[in-house]
Protein chains: 2
Amino acid sequence: MTKMTPQVRCQGRSNCFACGLRHEMVCSDVSLDDLIDFHAGIEDFDYEHGSAIYHMGAPMEAVYCVRGGAVKMVRYDPAGEQRIVRVLKTGDVAGIESAFAEKFEHTAIAVGRVRACRIPISYFRKFVSDHGGLQMRLLRKSQEALREAETWLSQLMGGTTPARTRMARLFLRLRAVEGGDKIHRFSLEDIAAIIGITPETASRVISDFVRQGILVKGGNSYATRFFRGDIPALEKIAQEV
Amino acid sequence: MTKMTPQVRCQGRSNCFACGLRHEMVCSDVSLDDLIDFHAGIEDFDYEHGSAIYHMGAPMEAVYCVRGGAVKMVRYDPAGEQRIVRVLKTGDVAGIESAFAEKFEHTAIAVGRVRACRIPISYFRKFVSDHGGLQMRLLRKSQEALREAETWLSQLMGGTTPARTRMARLFLRLRAVEGGDKIHRFSLEDIAAIIGITPETASRVISDFVRQGILVKGGNSYATRFFRGDIPALEKIAQEV
DNA sequence: CGTGTACTTGAGTGGGCTCAAGCAGGGTGG
DNA sequence: CCACCCTGCTTGAGCCCACTCAAGTACACG
């Protein structure tokens with residue numbers, strides 16, 4: 001079978017070489033041919049706002065590389081309440097936490113419009129076991145995720161820290177691109193599920209930020225909406241008692 | 001060089017083969033001789049209550065296998081407040097999160113009397129890179145830790161869930177041995193730093209549990225004290241709104 | 001046996017929750 | 001293209017849990 005360029009394999013719709021996974025996979029001992037083979041089974045999908053990419057407890061059958069938008073990773077506490085434990089952004093890979101488990105550990109839901117590449121788990125596992133150096137890279141990636149989760153724990157949670165401060169910290173973490181001022185605009189319900197408050201309180205704080213000009217609403221549909229944030233002001237609030 | 005039995009290498013003070021790491025390392029493709037070599041650099045330490053095993057930001061020079069007692073993993077939020085992000089118990093390994101980083105990610109502090117084996121990081125890294133199958137096992141271990149951290153997030157945190165409920169959930173997780181009724185007894189300050197409340201509130205809830213006979217205080221020094229818990233009662237409270 | 005730290009307990013306050021009503025604006029169907 | 005509708009957001013009033021401040025107690029350790 002004739003090899004095509006990876007771009008074509010990806011149906012010309014995207015450049016797989018811009019993918020976060022590719023960053024992990026090239027280097028080490030992966031040849032270009034291997035990479036092209038790997039890309040053979042990959043498909044490119046659009047997810048509209050609110051649709052699930054996969055569900056907690058469902059059989060683990062693929063990982064997904066997020067190419068645009070934001071994805072919330074949801075868990076449920078013993079009382080059945082929804083809790084958002086992490087947020088993925090462009091370049092992150094959804095599902096690697098569960099890569100060697102039977103079922104997905106979370107439900108992954110699109111926030112706004114999302115594009116993602118679906119990589120069947122059989123391809124993924126085979127590729128990883130064929131290339132020893134990759135395991136090391138995955139290990140690093142997994143440890144990054146752990147660090148991120150712990151950062152959420154220590155910065156976003158905690159009854160002692162006022163909701164206002166934690167919200168500022170959250171918005172700083174929800175920036176679409178590191179260092180930019182564009183902020184993923186989640187629903188009040190989502191924000192509540194992240195930092196552990198009620199939607200009403202979230203609304204009051206945001207209204208306050210908007211009145212002070214610290215946040216400016218943008219976008220004209222749930223799929224594309226966002227905030228512009230006054231980053232220095234948010235950073236100041238984030239450090240308050 | 002003559003090989004000695006691992007027990008002797010460990011100065012006869014402990015059986016390295018009961019270690020949580022060993023569980024990861026044996027199986028796969030590690031020979032007994034390799035294991036004995038590996039154990040050559042290991043030392044066995046006692047830590048008294050409150051002493052630090054290592055500090056956040058310090059150069060990463062070893063991992064520690066916890067052989068007895070409990071260890072709190074501490075971080076600091078932007079306001080300088082102490083937050084406990086995870087608790088290690090017998091069989092867990094402290095420092096693997098940072099195994100491929102320059103510095104430690106947390107401060108690790110003994111709660112009660114702790115025994116731990118110190119494994120120099122150079123040994124550890126060499127051993128891992130020599131044995132391909134180990135990376136896979138470490139990856140799994142790392143993903144376990146991630147799951148644990150996210151469980152804390154979703155179960156112990158959250159302003160909506162009453163402190164009483166979260167405390168019950170915490171005590172269930174702090175059992176010394178899975179399924180037992182012996183519970184690691186942390187200071188009020190520590191408990192406060194874990195679930196994000198004040199020590200006063202923690203005191204009130206515990207006093208209440210003790211009055212109801214759900215918890216019974218045991219041990220006669222900070223180094224050895226513990227609770228006995230009425231597990232069914234705690235489980236019932238843990239599921240309340 | 002003394003000293004200090006950790007814990008207990010109380011009274012008062014306040015931030016965030018609850019319940020409830022009104023509003024806006026995006027999506028849908030006529 | 002317009003009007004409706006429904007979801008998500010806003011805003012208010014009152015209450016309650018957990019925080020704060022403060023004092024007193026117990027007990028671990030030297």
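Every chain is numbered from 1, with letters handed out A, B, ... down the list of sequences.
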Nucleotide [N], atom [atom2] - distance to [atom1] of [X] in whole Å:
{"X": "A:Leu188", "N": "D:dT10", "atom1": "CG", "atom2": "C1'", "answer": "9 Å"}
{"X": "A:Lys217", "N": "C:dA24", "atom1": "NZ", "atom2": "P", "answer": "12 Å"}
{"X": "A:Phe186", "N": "D:dC9", "atom1": "CZ", "atom2": "P", "answer": "13 Å"}
{"X": "B:Phe209", "N": "C:dT8", "atom1": "CZ", "atom2": "C1'", "answer": "17 Å"}
{"X": "B:Ile191", "N": "D:dC19", "atom1": "CD1", "atom2": "P", "answer": "13 Å"}
{"X": "A:Asp208", "N": "D:dT10", "atom1": "CG", "atom2": "P", "answer": "12 Å"}

**Study point:** Under 4.0 angstrom between A:Arg185 side-chain N/O and D:dG8 OP1 or OP2
**Key:** no
Exercise for review: Return no unless some side-chain N or O of A:Arg166 is found under 4.0 Å from OP1 or OP2 of C:dG15.
Suggested key: no
Protein-nucleotides 25-30 of chain D N/O pairs under 3.5 Å:
residue, atom, partner, partner atom, Å
D:dC29, OP1, B:Tyr222, N, 3.4

Check your understanding: Should we say atom CD of B:Glu61 is surrounded by more than 12 heavy atoms from elsewhere, each under 6.0 Å from it?
Key -> yes
Check your understanding: More than 12 foreign heavy atoms under 6.0 Å from CZ of A:Arg118: is that the case here?
Key -> yes
Study note, to complete from the structure: Per the under-4.0 Å heavy-atom filter, residues of residues 197-205 of chain A near DNA chain C come out as A:Ile197, A:Thr198, A:Glu200, A:Thr201, A:Arg204
Point to revise | Main-chain N/O of A:Leu172 paired with A:Arg175 side-chain donor or acceptor, under 3.5 Å | key: yes
Check your understanding: Side chain of A:Arg83, backbone of A:Arg75: donor and acceptor closer than 3.5 Å?
Key -> no
Going from [atom1] on [X] to [atom2] on [Y], what distance comes out if it is rounded to the nearest 0.5 angstrom?
{"X": "A:Tyr76", "Y": "A:His106", "atom1": "OH", "atom2": "NE2", "value": "11.5 Å"}
{"X": "A:Ser203", "Y": "A:Asp208", "atom1": "OG", "atom2": "CG", "value": "10.5 Å"}
{"X": "A:Ile191", "Y": "A:Met167", "atom1": "CD1", "atom2": "CE", "value": "5.0 Å"}

Check your understanding: Is it true that B:Glu150 and A:Arg86 make a salt bridge, defined as a side-chain N closer than 4.0 Å to a carboxylate O?
Key -> yes
Review point. Is any side-chain N of the basic residue among A:Lys89 and A:Glu178 closer than 4.0 Å to the acidic one's carboxylate O?
Key: no
Check your understanding: Any chance the rings of A:Tyr64 and A:Phe45 have centres within less than 6.0 Å?
Key -> no
**Study point:** 5'-most by nearest nucleotide on DNA chain D - A:Ser187 or B:Gly196
**Key:** A:Ser187
Point to revise | Mutual orientation of the aromatic rings belonging to A:Phe171 and A:Phe227 [parallel < 30°, tilted 30-60°, perpendicular > 60°] | key: perpendicular
Review point. Between B:Arg211 and A:Arg164, who's closer to the 5' end of DNA chain C by nearest nucleotide?
Key: B:Arg211
Review point. When all nucleic acid strands are considered with a 4.0 Å heavy-atom cut-off, which category describes A:Arg225: base, sugar-phosphate, or nothing?
Key: sugar-phosphate
Practice item. Could you tell me, to 10°, how much the axis swings from one end of the helix from C:dC1-D:dG30 to C:dG30-D:dC1 to the other, five pairs per end? Key: 50°
